[in-house]
Amino acid sequence: MKNNPIGVFDSGVGGTSIWKEIIQLLPNENTIYFADSKNAPYGEKSKQEIIDICVTNTEFLIAKGAKIIVVACNTATTNAIDILRKEFKIPFIGIEPAIKPAALATKTKAIGILATKGTLSSYLFHQTMQEFASNISVVEQEGTGLVPLIEKGKINTIETKVLLKKYLEPMILKNIDYLVLGCSHYPYLIPQIKQIIGTQIKIIDSGFAVAKQTKKVLSDCSLLTDTNCKGTHQLFSNSIITTLSKLIENVQKTTILKH
Ligand code: DGL
């Protein structure tokens, strides 16, 4: 089991931002990534639809031998991870908007969060807000439309910049000093976001924290690989692979396959 792959899934290409952190921190691990682009965006779906999709994705990754599953999607984590943990025996790692570090660090007592409708409306998100951010102002913004643009590879386009401006400018007016990226697709927009928010507002995303947690859980469960060889990576997609290929073009030992 130790040398089985780490399974990772997302509603598409966005979770590769997390997957890249994982393979950097754990270079000898093999991985299998499933980009469920056909069902993107998850953020507009009902909780039950998200759960059903996550169960199917998990079954696929387990059938491919996954020893642990990283749910590299905030929307899927906040809506379905408790069910996945109940239904399947292997360990799960999730990703949630990094509200706690932003709430601890803010000086202006105002932070912004850009996430999907599915994440912002979830019970888990509200619980985290209550626990860590009840004494500060949190400007919540749904990033409607951003995931489909990223899926199409339209990252550095006028269309994307216009949408980002619409979402971020009201946050700037509310004096936020931290912006939490609550969707694993959004790290791919960091250069465009920085052009709008400047250097005074700091961006927080959870990618590295997820990689560290994956390493810790693998170690706790005695599941870290014992090989010294560089890991190999299979990426499955159920849609057009143009954007996926582009986003991973600099990563070695990868194969893209049709699902
Ligand atoms: N990457 C997913 C997330 O982190 C995007 C959700 C969606 O497909 O709407 O939430």
Side-chain angles (χ1 to χ4, degrees), residues 7-22 33-58 61 69-84 92-99 102 112-126 128-129 140-155 160 163-164 167 179-190 193 203-211 213-214 235-240 243-244 247-248 259:
V8 183
F9 77 83
D10 178 41
S11 61
V13 300
T16 55
S17 66
I18 315 295
W19 169 81
K20 284 176 187 170
E21 300 276 6
I22 295 170
Y33 181 95
F34 176 40
D36 186 19
S37 298
K38 198 175 80 186
N39 288 309
Y42 288 179
E44 305 292 318
K45 295 193 183 327
S46 71
K47 184 175 169 71
Q48 192 55 51
E49 281 175 303
I50 296 169
I51 290 170
D52 293 344
I53 288 170
C54 289
V55 167
T56 308
N57 296 350
T58 299
L61 291 172
I69 290 184
V70 180
V71 181
C73 173
N74 293 256
T75 314
T77 299
T78 52
N79 285 280
I81 200 156
D82 49 343
I83 310 278
L84 298 176
F92 284 87
I93 308 293
I95 178 167
E96 280 182 71
I99 296 165
I113 159 137
L114 188 62
T116 68
K117 186 174 162 189
T119 294
L120 295 175
S121 63
S122 70
Y123 175 71
L124 200 60
F125 175 75
H126 285 282
T128 313
M129 285 276 285
E140 292 175 29
Q141 176 62 57
E142 288 175 16
T144 313
L146 292 173
V147 167
L149 285 170
I150 298 164
E151 284 294 314
K152 285 185 200 131
K154 295 185 170 180
I155 289 171
T160 303
L163 212 48
L164 280 173
Y167 295 154
L179 171 66
V180 177
L181 301 185
C183 170
S184 57
H185 280 69
Y186 301 164
Y188 285 117
L189 299 176
I190 287 176
I193 291 175
I203 297 172
I204 301 195
D205 81 87
S206 326
F208 183 60
V210 172
Q213 181 64 8
T214 306
L235 294 98
F236 288 85
S237 170
N238 54 9
S239 185
I240 300 160
T243 308
L244 183 63
L247 293 178
I248 66 151
H259 173 43

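Start at 1 and go down the list; that is how both ligands and their atoms are numbered.
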Y33 OH to L61 CG distance, which is reported to the nearest 0.5 Å = 10.5 Å
Is the closest side-chain donor-acceptor distance between D36 and Y42 under 3.5 Å?
-> yes
Can you name the residues that come within less than 4.0 Å of ligand 1, going by heavy atoms only?
-> D10, S11, P41, Y42, G43, C73, N74, T75, T116, V147, C183, S184, H185
Cut-off 3.5 Å, side chains only: do T16 and Y188 have a donor facing an acceptor?
-> yes
In I248, L247, L235, the residue satisfying side-chain contact (heavy atoms from CB on, under 4.5 Å) with V13 is L247
Distance-only polar pair, side chains of E96 and S206, donor-acceptor under 3.5 Å | no
Could you verify whether a donor N or O on one side chain and an acceptor N or O on the other, from T119 and S122, lie under 3.5 Å apart?
-> no
